[in-house]
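Written below as structure tokens is the structure these notes are about.
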Amino acid sequence: MIVVTGATGNVGRPLTRALAERGQQVTAVSRHAAVVPEGVRHVVADLAEPAGLESALAGAKALFLLLSGDLHAAGASPADVIGQAAAAGVRRIVLLSSLGVATRPFGTTRIALRALEDVLRESGVDWVVLRPGGFASNALWWAESVRSQRIVAAPFGDTGVPIIDPADIAEVAAACLLDDQHTGGVYELTGPAVITPREQAEAISVALGSPVRFHELTREEAKAGMIQRMPAELADDTLDILSSPSPAELRVSPDVQRVLGRAPRPFAEWATRNVAAFR
Ligand SMILES: NC(=O)c1ccc[n+]([C@@H]2O[C@H](COP(=O)([O-])OP(=O)(O)OC[C@H]3O[C@@H](n4cnc5c(N)ncnc54)[C@H](OP(=O)(O)O)[C@@H]3O)[C@@H](O)[C@H]2O)c1
């Protein structure tokens, strides 16, 4: 049995589906009740209180571990989840980390994520670390304004990074959970090309079949919106990346191709699949 945390999110939902479709027994974990694919068991638990994971982990052989940013910032002790999983007999853990751990190894969240990677390496279980860059699904932040006004409002409209489709992260995670050839792998996951916010707006427009205007926000305006969704320090770190990505953040990684044997999906494909959110 494989336990998937973050099971109702951008990565966890397609991962749960992919594992179930491959005939795996899956336990999906999140804090709220959720509809999951047929045959999948859902357990309500909060990773901030690892004791509540006991029933989810019973009998598990592998764990996909995804921790939301606020868990690090809140000073919770997510490393306990790794110890608890190992004690419960889990033999393989795939951790969703972040490219920022390598490219900007400072700031509360990234220091905490790096520490978590280190705990995992020392845990005695087989491990894989996934370090994705920015997600295509961050474009959902624009969904409301596209629906109501056909506007994408974002900062740094002509500066891009190679954002990744979370469905590709999910497929890489599934491969790493099922195939021990990936043990000890640290995979940097990006999309196939650098794409700017203005180009993303254009791709959403094409998917909708209707014009979408791009409106450039100042850094301050963008931050005011972001701190509704994430800690202020993480918002600043993210804005630093979006305004002036380093060469390592601009690099298109070969790791999706290496693991899946195919190129990562372009943003346009994500936009087409998720067009209903923008209608
Ligand atoms: N967005 C980016 O650009 C980016 C880049 C690099 C790395 N990352 C990493 O990607 C992760 C986010 O992935 P995502 O977009 O798939 O997430 P998401 O769509 O925001 O979904 C989060 C999932 O985790 C569950 N969850 C949240 N807090 C929880 C808690 N305390 N206990 C148990 N379950 C909890 C949520 O369900 P409930 O709310 O029902 O609990 C949901 O299933 C974060 O770890 C982030 O650091 C993101």
Side-chain angles (χ1 to χ4, degrees), residues 3-18 26-36 40 42-53 56-57 63-78 80-81 84 94-104 107-114 116-117 129-143 154 160-173 187-191 195 197 200 226 229-231 233-235 237-242 245 249 253 267 270 274 277:
V3 176
V4 175
T5 62
T8 56
N10 297 304
V11 177
R13 197 172 281 284
L15 173 58
T16 300
R17 195 171 49 239
V26 183
T27 295
V29 175
S30 63
R31 290 167 304 177
H32 303 95
V35 177
V36 291
V40 170
H42 184 265
V43 171
V44 169
D46 189 332
L47 293 173
E49 294 159 22
L53 283 171
L57 290 170
L63 167 68
F64 174 72
L65 183 56
L66 179 156
L67 293 153
S68 61
D70 54 348
L71 267 179
H72 301 296
S77 182
D80 293 350
V81 178
Q84 195 185 343
V94 175
L95 173 67
L96 187 76
S97 180
S98 168
L99 186 61
V101 165
T103 61
R104 307 214 177 207
T108 313
T109 305
R110 292 191 182 110
I111 290 169
L113 258 182
R114 163 69 77 165
L116 196 63
E117 289 187 4
V129 169
L130 305 182
R131 290 180 175 168
F135 289 9
S137 48
N138 295 345
L140 291 171
W141 296 346
W142 306 326
V161 287
I163 54 178
I164 178 150
D165 189 327
D168 282 343
I169 304 174
E171 284 190 34
V172 170
Y187 294 130
E188 296 190 351
L189 305 178
T190 72
I195 178 165
Q200 285 177 270
M226 288 166 81
R229 293 183 290 263
M230 61 178 78
E233 185 184 302
L234 187 55
D237 282 356
T238 304
L239 286 164
D240 288 347
I241 295 171
L242 296 179
E249 288 156 350
S253 168
F267 178 78
W270 178 91
N274 291 277

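All of these numbers come straight from a predicted model, not from anything done at the bench. Just follow the structure's listing: the first ligand is 1, and inside any ligand the first atom is 1. Numbers here are sequence positions counted from 1.
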I want to confirm something. Looking only at heavy atoms, which of Thr16, Leu66, Asn10 is nearest to atom 13 (O) of ligand 1? Leu66

Would you tell me which option among Val44, Leu67, Leu96 has the nearest heavy-atom contact to atom 45 (O) of ligand 1? Leu67

Against heavy atoms of Ala7, which atoms of ligand 1 measure under 4.0 Å? 43 (O)

Is Ser98 close to ligand 1, meaning an N/O of one under 3.5 Å from an N/O of the other? no

Tell me the contacting part of Pro166 for ligand 1: side chain, backbone, both, or neither, using a 4.0 Å heavy-atom threshold, strictly below. neither

Taking the side chain as C-beta and beyond, is there a heavy-atom pair between Ile163 and Gln200 under 4.5 Å? yes

Nearest 0.5 Å please: distance from the CZ atom of Arg110 over to the OG atom of Ser97. 9.5 Å

Measure the shortest side-chain to side-chain distance between Glu117 and Val101 over non-hydrogen atoms and say whether it is less than 4.5 angstrom. yes

Side chain, backbone, both or neither: which part of Ala45 comes within less than 4.0 Å of ligand 1 when only heavy atoms are counted? backbone

Ligand 1 contact by Ser97, heavy-atom criterion under 4.0 angstrom: yes

Any heavy-atom pair between the side chains of Ile169 and Leu96 that's under 4.5 Å? yes

Any nitrogen or oxygen of Phe135, main chain or side chain, under 3.5 Å from a nitrogen or oxygen of ligand 1? yes

Side-chain polar contacts of residues 5-16 - donor-acceptor pairs under 3.5 angstrom, sequence neighbours left out - could you list them?
unit_1, atom_1, unit_2, atom_2, d
Thr5, OG1, Phe64, O, 2.8
Thr5, OG1, Leu66, N, 2.8
Asn10, ND2, Ser137, OG, 3.4
Arg13, NH1, Val35, O, 3.4
Thr16, OG1, Gly12, O, 2.8

Per-atom filter on ligand 1: closer than 4.0 angstrom to a heavy atom of Leu47 are 30 (C), 31 (N), 32 (N), 33 (C)

Considering both backbone and side-chain atoms of Gly9, is one of its nitrogen or oxygen atoms within less than 3.5 Å of a nitrogen or oxygen in ligand 1? yes

Distance, nearest 0.5 Å, that separates CG of Asp237 from CG of Leu242: 11.0 Å

My understanding is that we take every heavy atom of each candidate and find the minimum distance to atom 29 (C) of ligand 1. Doing that for Arg31, Glu49, Arg13, which one comes out nearest? Arg31

For ligand 1, is there an atom lying under 4.0 Å from some heavy atom of Gly133? yes

Per-atom filter on ligand 1: closer than 4.0 angstrom to a heavy atom of Gly6 are 23 (C), 24 (O), 25 (C), 43 (O)

In this structure, CD1 of Ile111 is separated from CG of Leu116 (nearest 0.5 Å) by 13.5 Å

Arg114 side, atom CZ; Ser98 side, atom OG - distance, nearest 0.5 Å: 11.0 Å

Close side-chain approach of Arg31 to Leu47, heavy-atom, < 4.5 Å: no

With heavy-atom distances below 4.0 Å as the criterion, list the atoms of ligand 1 near Val11. 16 (O)

Using a 3.5 Å distance criterion without hydrogens, assess whether the side chain of Glu249 forms a donor-acceptor pair with backbone atoms of Ile241. no

Under the side chain to side chain contact (heavy atoms under 4.5 Å, CB included) rule, what do Asp168 and Leu189 come out as? Steps first, then yes or no, please. CA-CA 9 Å; Asp168 282 343; Leu189 305 178; over 6 Å; no

Which atoms of ligand 1 have any heavy atom of Asn138 under 4.0 Å away? 1 (N), 2 (C), 3 (O)

Under 4.0 Å to a heavy atom of Gly134 - the qualifying atoms of ligand 1, by number: 3 (O)

Can you tell me which portion of Ser137 lies within the under-4.0 Å heavy-atom range of ligand 1? Options are side chain, backbone, both, or neither. neither

